[in-house]
Trainee: 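Once you've had a glance at the structure underneath, I'll fire off some questions.
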Amino acid sequence: MTTRTRQDEGDRAGDPADVPHHATRVLLAPEGIGEAAAALRAGRLVAFPTETVYGLGARADLAAAVRAIFAAKGRPPGNPLIVHVADVAAARALAAEWPLEAERLASAFWPGPLTLVVRRRGDAIADEVTAGGPTVAVRVPAHPVALALLRAAGVPVAAPSANRSNTLSPVTAAHVLKSLGGRIECVLDGGATSRGIESTIVDVTRSPAVLLRHGALPLADVEALVPLVDGGGAVTGPGGRALAPGSQERHYAPRARVVLAPAGAAEAIAEARRAAGERVGTLARGDDAEGGAPHAGAAGLRIALPDDAPAYAARLYAALHYLDDAACDAIVVEAVPDDPAWAAVRDRLRRASA
Ligand code: AMP
Ligand code: MG
């Protein structure tokens with residue numbers, strides 16, 4: 001079953017035949033951090049945990065290493081990468097300008113799930129990282145393993161999510177292996193991630209700053225410190241160039257079809273699909289007798305996620321991975337509240353179902 005899933009994802013990502021085969025090694029953190037850092041320094045690809053999702057890291061200052069990320073993921077070259085560094089000083093070293101908004105947000109939320117887009121300094125990183133653009137996305141992750149790895153490596157590390165392009169992001173080392181096993185040198189296993197969805201991205205090259213992607217840091221926290229325009233992930237700049245390249249509609253998607261159900265309709269929709277012969281999984285909301293564990297419900301597999309946005313987000317991808325691995329044809333998702341606190345979850349569900 002695992003093999004079939006991997007094959008399906010490969011097909012969807014357009015599997016380039018030119019990725020060398022690697023027997024992907026699993027290094028356990030914290031013991032494996034030194035070895036993982038040495039591999040990074042040598043220009044190899046290392047998947048590692050952050051508090052958001054697992055990242056696929058490579059030295060941001062080596063063009064060949066960065067190109068290997070795009071090849072392993074099957075990622076279009078026009079989709080730039082987030083650079084991970086150990087502290088604010090290392091982030092500033094990559095920037096040509098460090099506006100007041102960057103200073104405020106970085107000192108309030110780093111280490112943490114906030115990515116800042118700033119003007120890039122000419123020679124600090126390979127052009128491939130920024131897709132040739134004049135800006136760079138940077139963040140200091142709040143995960144002890146990620147921070148120890150970045151400190152030991154001593155170089156800026158470009159790291160998109162450690163999965164094949166357009167598929168579901170990984171929140172465990174096993175998810176990384178399912179998607180990239182055989183295509184990367186190693187994965188540093190630091191257990192399940194705590195936040196469970198990607199970082200919030202804010203472009204501070206413009207005033208007011210622009211939200212490019214909803215994410216694990218709530219919008220209200222950012223807005224409390226700097227005025228912000230909601231780019232909705234679909235903003236375009238001069239000449240129609242996407243300001244958040246790669247924010248295309250279908251993204252963060254499992255193999256199964258994701259069906260968003262209006263409030264109160266999830267069970268009926270799931271039952272109708274089951275009756276039509278589909279293998280159905282349901283993502284419900286709120287407490288259930290199973291304490292949120294996957295179980296057989298009336299209309300197929302069922303998982304209940306917490307009725308609190310950050311806790312729901314923390315478990316969303318793991319639940320989607322589970323239902324995908326269980327070979328569901330359809331995943332019916334019960335509606336989530338139309339409330340700003342749920343914006344990041346709504347965004348990911350919408351993209352998964354596009
Ligand atoms: P991922 O790491 O796969 O979650 O994707 C990172 C995302 O960050 C990209 O898809 C872009 O939307 C965004 N990003 C990275 N670098 C830049 C940049 N220089 N300007 C604007 N957005 C960026
Ligand atoms: Mg990604």
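Counting starts at 1 for both ligands and their atoms, in listed order.
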Trainee: For Arg213, take its heavy atoms, then give the atoms of ligand 1 lying under 4.0 Å from any of them.
Mentor: 1 (P), 4 (O), 5 (O)
Trainee: Thr135 to ligand 1: N or O pair under 3.5 Å?
Mentor: yes
Trainee: For atom 7 (C) of ligand 1, state which one of Leu212, Ile201, Leu56, Val210 supplies the nearest heavy atom.
Mentor: Ile201
Trainee: Any chance CZ of Arg346 has more than 12 other-residue heavy atoms, nucleotides or ligands included, within less than 6.0 Å?
Mentor: yes
Trainee: Considering the heavy atoms of Ser161, write down every atom of ligand 1 situated less than 4.0 Å from one of them.
Mentor: 2 (O), 3 (O)
Trainee: Go through the steps to decide whether Arg213 and Ser199 satisfy the test side-chain hydrogen bond (donor to acceptor under 3.5 Å, both in side chains), and finish with yes or no.
Mentor: CA-CA 8 Å; Arg213 177 174 77 184; Ser199 60; 3.2 Å; yes
Trainee: List ligand 1 atoms under 4.0 Å from Ala137, heavy atoms only on the residue side.
Mentor: 15 (C), 16 (N), 17 (C), 19 (N)
Trainee: Purely on distance, is any nitrogen or oxygen of Glu198 under 3.5 Å from one on ligand 1?
Mentor: no
Trainee: Whether the side chain of Arg206 engages the backbone of Val210 through a donor-acceptor N/O pair (distance < 3.5 Å, no angle test) should be reported.
Mentor: no
Trainee: Quick one: do Arg285 and Asp307 make a salt bridge, cutoff under 4.0 Å?
Mentor: yes
Trainee: So that I can tick it off, tell me whether Glu267 and Arg302 are bridged by a salt bridge, with the cut-off set at under 4.0 angstrom between side-chain N and carboxylate O.
Mentor: yes
Trainee: Just let me know how Thr130 lines up against ligand 1, side chain, backbone, both or neither, with a heavy-atom cut-off below 4.0 Å.
Mentor: neither
Trainee: Check this for me: does any side-chain nitrogen of one of Arg120 and Asp127 sit under 4.0 Å from a carboxylate oxygen of the other?
Mentor: yes
Trainee: With a cut-off of 4.0 Å, which atoms of ligand 1 are near a heavy atom of Pro160?
Mentor: 2 (O), 3 (O)
Trainee: Parallel, tilted or perpendicular for His321 and His175, by the 30°/60° rule?
Mentor: parallel
Trainee: Can you list, by chain and residue number, the protein N, O or S atoms under 2.8 Å from the Mg ion (ligand 2)?
Mentor: Ser161 OG
Trainee: Mind jotting down which residue pairs meet the side-chain hydrogen bond (donor to acceptor under 3.5 Å, both in side chains) criterion with at least one end in residues 140-154? Sequence neighbours excluded, please.
Mentor: none
Trainee: Between Arg75 and ligand 1, which residue portion shows a heavy-atom distance shorter than 4.0 Å: side chain, backbone, both, or neither?
Mentor: side chain
Trainee: Any salt bridge between Glu198 and Arg139, counting N to O under 4.0 Å?
Mentor: no
Trainee: Can you label the angle between the Tyr312 ring and the Trp342 ring as parallel, tilted or perpendicular, going by 30° and 60°?
Mentor: perpendicular
Trainee: Going by heavy atoms, is Leu81 under 4.0 Å from ligand 1?
Mentor: yes
Trainee: Step through the shown structure and confirm whether more than 12 heavy atoms of other residues, nucleotides or ligands are within 6.0 Å of CG on Asp308.
Mentor: yes
Trainee: Please work out, at 4.0 Å between heavy atoms, whether the side chain, the backbone, both, or neither of Val117 comes within that distance of ligand 1.
Mentor: side chain
